[in-house]
Amino acid sequence: MIRLDNVTKYYATAQGRKYVFKNLSFELPEKTNIGVLGLNGSGKTTLLRMIGGIDYPNEGCIDITGSISWPLGLSGGTQNSLSGRENASFVCRVYGQNAEAIEEKLAFILDFSELGDYFDLPVKTYSSGMRSKLMFAMSMAFDFDIYLIDEITAVGDARFRAKSQQALLDKRKRSNYIMVSHNVNDLIKDSDSLLVLGRGDVQLFSDTAQGLAYYKEIVQAKK
Amino acid sequence: MDQRSSWQIQKAVFHALAIRELKTRFGGYRLGYFWAVFEPLSHILVLSALFSLIREDSGFYNAPFPVFFATGILSFFVFQKLVVTSQNSIKANLGLFGFRQVKPFDAILVRGLVEFGILLFTMVVLAWLGAWFFALPTLPHDPLKALLVLAILFSFGLGVGFVTAVIGVMHEEWAQFINTLMRPLYFISGIFVPLAALPEQYHVYLLWNPLLHGLEQFRSAWIAGYPADQTSLLYLAVWSLPALLLGLVYFRANRIRVLMS
């Protein structure tokens, strides 16, 4: 369960506070795949980061039960002077795996990420595609109840993309996701509900067609 | 995924960060362990050689020069290294805060503990080297008190370290100032000469410095018969514990802001 209670979020800038959300309250239904739509700057990423526990509301609180992945597709998540293997071990340790399980997961991550020799080189030598592959492979090594995904379609080449889509599809048997994407069609196809971010307000639609219509209104109004 | 208790998660994070710190400290080049011991050793050797040349005796009170300088430098480093290395503890782990379990607090604390551990390891190695190869009296006379002094110096360094960690990301222009401040401290904290060997009229000024109390007390714990009755462990504690408290409060007040900048 994910519930936001009276969440206010702003960033302090040189021009005063820039509000992203004001007194936002909603509850996301369980066992539902949720697509998040919104214009640039409407706070999609901020919302995902707050649900992911790596950013904080200035007021209000967010209640979560169940395990939640780190936000996939965002920057961060690696210490770049360490190798891919060391970063992967770090994550396994954070998630409390024992030595045996770590070996298993490392083997999986090496195989899935297709990094080969690069797995033992510092992450700072990676291309951005390789880094995303590593991050994606790491998240696939664990079974979260909810995956937070930000524009995952940007990962790797077409073949790796297909493979990651398939992996996500397999995960869906026991996991759900909250996904941000600008690819509206894909998002509609895979999601059960839509969360549409307007300007400061957020609406949840259990009917995706209705949600899409509302989103198009927002886009039109913007034009 | 299994539900874990808060303490289990915290333990896992400490463990993961400690290994990550050791990897970057010692993993990159084989000489890492050598440097950890060599840096204080170089100070000790240079100072010992210098003082042997300019002074007729071979030590202060019951302590030969190498033992005298080693006790001073290593206990000084417990404070100084923590203050200096904490500055980067947030920046160096920024990517890892992408995992919800890992917080800047953990990174600062673990880096401090690792630094402290390395210094303890160095002390053991140097004491062994000195006793084995040079037949120096390197064993502590009162090991429990020595540990107590180190623990208080550690909390002092950690408290200031929490402040420098925040300054390191939010007020970078001040970070250089802290490093510069460390240099005069090296000269007025009693590394070179025992307080008792300095002219009496300056004592009243020098004794303001809590680190001088720490170093002298550490020596009196390590070296039997070392005169340290002018300094007090309590005075060091009166500085250290509030420093730790204030450091934690200052960090707490800025714990979210450090992630934004």
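No experiment lies behind these values; they were computed from the predicted model shown. Every chain is numbered from 1 and lettered A, B, ... according to where its sequence line falls, protein lines coming before strand lines.
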Report summary line: Note: Ala12(B) and Val94(A) closest approach over all heavy atoms is CB-O, 3.6 Å
Query raised in the report: At a heavy-atom separation under 4.5 Å, does Lys103(B) approach chain A through its side chain, its backbone, both, or neither?
Result: side chain
Query raised in the report: Between NE2 of His15(B) and CZ of Arg93(A), what distance do you get to the nearest 0.5 Å?
Result: 5.5 Å
Query - Crowding at CD, Glu100(A) (>12 non-hydrogen neighbours, <6.0 Å) - result: no
Requested in this report: Give the C-alpha distance, both sets of side-chain angles, the deciding distance and a yes or no for side chain to side chain contact (heavy atoms under 4.5 Å, CB included) between Tyr95(A) and Gln101(B).
Outcome: CA-CA 9 Å; Tyr95(A) 282 94; Gln101(B) 297 87 346; 3.1 Å; yes
Query - Neighbour count above 12 (heavy atom, 6.0 Å) for Tyr118(A) OH - result: no
Query raised in the report: So how far is it from Arg4(B) CZ to Ser67(A) OG, rounded to the nearest 0.5 Å?
Result: 10.0 Å
Query - Listed partners of Thr78(A) passing side chain to side chain contact (heavy atoms under 4.5 Å, CB included), at least two apart - result: Asn80(A), Asn87(A), Val123(A), Arg131(A), Leu134(A), Met135(A)
**Report entry** Segment of Gln79(A) engaging chain B (4.5 angstrom heavy-atom cut-off)
**Finding:** both
Query raised in the report: For Asp55(A), does its backbone N or O pair with a side-chain atom of Arg100(B) as donor and acceptor, under 3.5 Å?
Result: no
Requested in this report: Inspect the surroundings of CZ in Arg172(A) and state if more than 12 heavy atoms from other residues, nucleotides or ligands are less than 6.0 Å away.
Outcome: yes
Report task. Sort Leu148(A) into side chain, backbone, both or neither according to what part of it lies under 4.5 angstrom from a heavy atom of chain B. Result -> neither
Query raised in the report: Would you call the rings of Phe99(B) and Phe90(A) parallel, tilted or perpendicular, where under 30° means parallel and over 60° means perpendicular?
Result: tilted
